[in-house]
Asker: 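Please see the structure below; I have some questions.
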Protein chains: 2
Amino acid sequence: MAGVRAKQKEKTRRALINAAMNQLSAEAGFSSLSLREVAREAGIAPTSFYRHFRDMDELGLTLVDECGLALRQLLRQARQRIETGGSIIRVSVETFMQFVAENTAIFRLLLQERSGRSRSFRLAVVREIEHFKAELEEYLVNEQSFSRELAELQSDTIAKIVFSAGADCFDVNEEERERITETTIAQVRLVARGAEATKRFMK
Amino acid sequence: MAGVRAKQKEKTRRALINAAMNQLSAEAGFSSLSLREVAREAGIAPTSFYRHFRDMDELGLTLVDECGLALRQLLRQARQRIETGGSIIRVSVETFMQFVAENTAIFRLLLQERSGRSRSFRLAVVREIEHFKAELEEYLVNEQSFSRELAELQSDTIAKIVFSAGADCFDVNEEERERITETTIAQVRLVARGAEATKRFMK
DNA sequence: CAAAACAGCGTACACCTGTTCGCTGAATGT
DNA sequence: ACATTCAGCGAACAGGTGTACGCTGTTTTG
């Protein structure tokens, strides 16, 4: 039974996280974020920031965790839609692109910090992307009967394509996003066809 | 016949460009670069920076031009190696990965600024990557007899894979880079096989 | 109820940033 | 030879940064 103080503390912490997310943009990657600006937007004094996070790095790692939760939600959503019917590739790619459009800051953080900041940061980001790939790989093995090796290769390839395509979707209009989605679907199909041909060749 | 002054000016300008390249790293994307630090490393007073560039943005655009030159050199090198013989995909991917290893700063700038900074910055970066893709597309049309449409789709897919794989190569040892190279070769082969199957299906 | 804990505050510090302005000696142009 | 240009300089400005420290009123704990 949390008291008034614990509730307020969580509320302020949440405000800091949201403020940081808000301030991420194309021009301002995480490394450009100022502790003072984040605190100001959250409505507290800069020195109070340290009541919640040791430093900006710790806030950043928390943001990456948020990214991971969002990605997991994306996977669940895609799975539900696939069970409803329709082309697996189309549904998956469309779901992914919608996720990007609705979570631009999260996605941008993943991409920008994949090769940035400290080692712990990169590891955290890579961990989330690896989880995404692992789920896709499981799917390919269990539902499409690919060998483990070929499924792994395929999921890595597809992840590269969709994450890169997601990056192309920043700050474009609806029409352009549709075009990118269609192109991405065609590209994932290229990979699927190549994997199918490889599977047959190996039998 | 440039005079002493013109020569010295070019030398200082070169020093600024090199200093900026030196200071690009995983932790310090371009937006983190400090005009004063760049000037210091180049051996001049900060205010002298304005004798060469209007601001840091202009320096950044110059860096992107340097990236473009390097990418063009990469394409020439890959073409020469292909003519010497060997698997086209292997030679191309190996050449690309070697380029990344030798030009980490340049490559990192391309990736980080693809979705960063100002509009003019992004356009400059995208222009260079588009040129890379266009050359690959020409190759697929002229040497492999793909339709223009399929060649374009393929080159975009391959570019996504190799640029993403390049990003995986930052700060890894030789052995790990070899492993990534082999995986990338296998992935590009997936795409090629898929494209081949698509070509046959369309005939 | 009294003592302890603490979320948030304000002051202050040391340092950094980009940029303007005027100066100077060497190079260049006439 | 003289006048002009300019690469580079230093002083200064205004503004920003992250962080240490001590205080205070409210909440929590025993």
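In what follows, every chain begins at residue 1, and chains take the letters A, B, ... in the order their sequences are listed. Everything numeric here is computed off the predicted structure, so don't read it as measured data.
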Asker: Find the distance A/R14:CZ to C/dA7:P and express it as a whole number of Å.
Answerer: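 About 18 Å, once rounded to whole Å.
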Asker: Under the side chain to side chain donor-acceptor pair (under 3.5 Å) rule, collect the residues that match up with A/R189, sequence neighbours excluded.
Answerer: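 Counting only residues at least two positions away or on another chain, A/R189 forms a side chain to side chain donor-acceptor pair (under 3.5 Å) with A/S87.
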Asker: Looking only at side-chain N and O atoms, does B/Q77 offer a donor or acceptor that is under 3.5 Å from a partner on B/Q73?
Answerer: no
Asker: Start with the C-alpha distance between A/R177 and A/E94, add both sets of side-chain angles, then the distance that settles salt bridge (Lys or Arg N to Asp or Glu O under 4.0 Å), and finish with yes or no.
Answerer: CA-CA 10 Å; A/R177 184 158 65 83; A/E94 280 175 347; over 6 Å; no
Asker: Rounded to whole Å, please give me the gap between CD in A/E37 and C1' in D/dG16.
Answerer: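 These atoms are roughly 9 Å apart.
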Asker: With salt bridge (Lys or Arg N to Asp or Glu O under 4.0 Å) as the criterion, how do B/R148 and B/E137 come out once you've worked through the C-alpha distance, each side chain's angles and the decisive distance to 0.1 Å?
Answerer: CA-CA 8 Å; B/R148 176 66 60 178; B/E137 182 184 321; 3.1 Å; yes
Asker: Starting from C1' on C/dC6, measure out to NZ on A/K11 and report it in whole angstrom.
Answerer: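 So the two atoms are 18 Å apart, to the nearest Å.
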Asker: Send over the distance from A/H52 NE2 to D/dG18 P, rounded to a whole Å.
Answerer: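 Answer to the nearest Å: 16 Å.
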Asker: Do any side-chain nitrogens or oxygens of B/Q8 fall under 4.0 Å of OP1 or OP2 in D/dG8?
Answerer: yes
Asker: Which is more 5' along DNA chain C, the nucleotide nearest B/L35 or the one nearest B/A6? Just name the residue.
Answerer: B/L35
Asker: Does A/R36 make a side-chain donor-acceptor contact with the base of D/dG16, cut-off 3.5 Å?
Answerer: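 Not at all, since no donor on one side and acceptor on the other fall under 3.5 Å apart.
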Asker: Rounded to the nearest Å, what distance is computed from the CG atom of residue A/D57 to the C1' atom of nucleotide D/dG18?
Answerer: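 In whole Å, D/dG18 C1' and A/D57 CG are 13 Å from each other.
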Asker: State whether the side chain of B/D55 and the backbone N or O of B/E58 hold a donor-acceptor pair below 3.5 Å, judged by distance alone.
Answerer: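 Such a contact is found between B/D55 side chain and B/E58 backbone.
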Asker: May I have the distance from B/F53 (atom CZ) to D/dG8 (atom P), rounded to whole angstrom?
Answerer: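 Taking CZ of B/F53 and P of D/dG8, I get 12 Å after rounding.
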Asker: Heavy atoms only, 4.0 Å cut-off, all strands: where does A/E10 land among base, sugar-phosphate and nothing?
Answerer: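 Counting heavy atoms under 4.0 Å across all strands, no contact is made by A/E10.
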Asker: Working note: A/E37 + A/Q23, criterion side chain to side chain donor-acceptor pair (under 3.5 Å); need CA distance, chi angles, decisive distance, verdict.
Answerer: CA-CA 9 Å; A/E37 287 294 330; A/Q23 291 179 18; 5.0 Å; no
Asker: Could you go over nucleotides 20-26 of chain D and give all protein N or O partners under 3.5 Å, atom names and distances?
Answerer:
residue: D/dT26; atom: O2; partner: A/R5; partner atom: NH2; Å: 2.5

Asker: Nearest to the side chain of B/S48, heavy atoms from C-beta on, is which of C/dC9, D/dC9, C/dT17?
Answerer: D/dC9
Asker: Please determine whether a side-chain nitrogen or oxygen atom of B/T12 lies at a distance below 4.0 Å from atom OP1 or OP2 of D/dA7.
Answerer: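 No, outside the criterion.
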Asker: In this structure, how many angstroms lie between the P atom of D/dT19 and the CE atom of A/M56, rounded?
Answerer: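 Going from A/M56 (CE) to D/dT19 (P), I get 10 Å.
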Asker: Regarding A/E130 and A/K133, does a basic nitrogen lie under 4.0 Å from an acidic carboxylate oxygen?
Answerer: yes
Asker: How long is the line joining CG of B/L59 and C1' of C/dG18, in whole Å?
Answerer: 14 Å
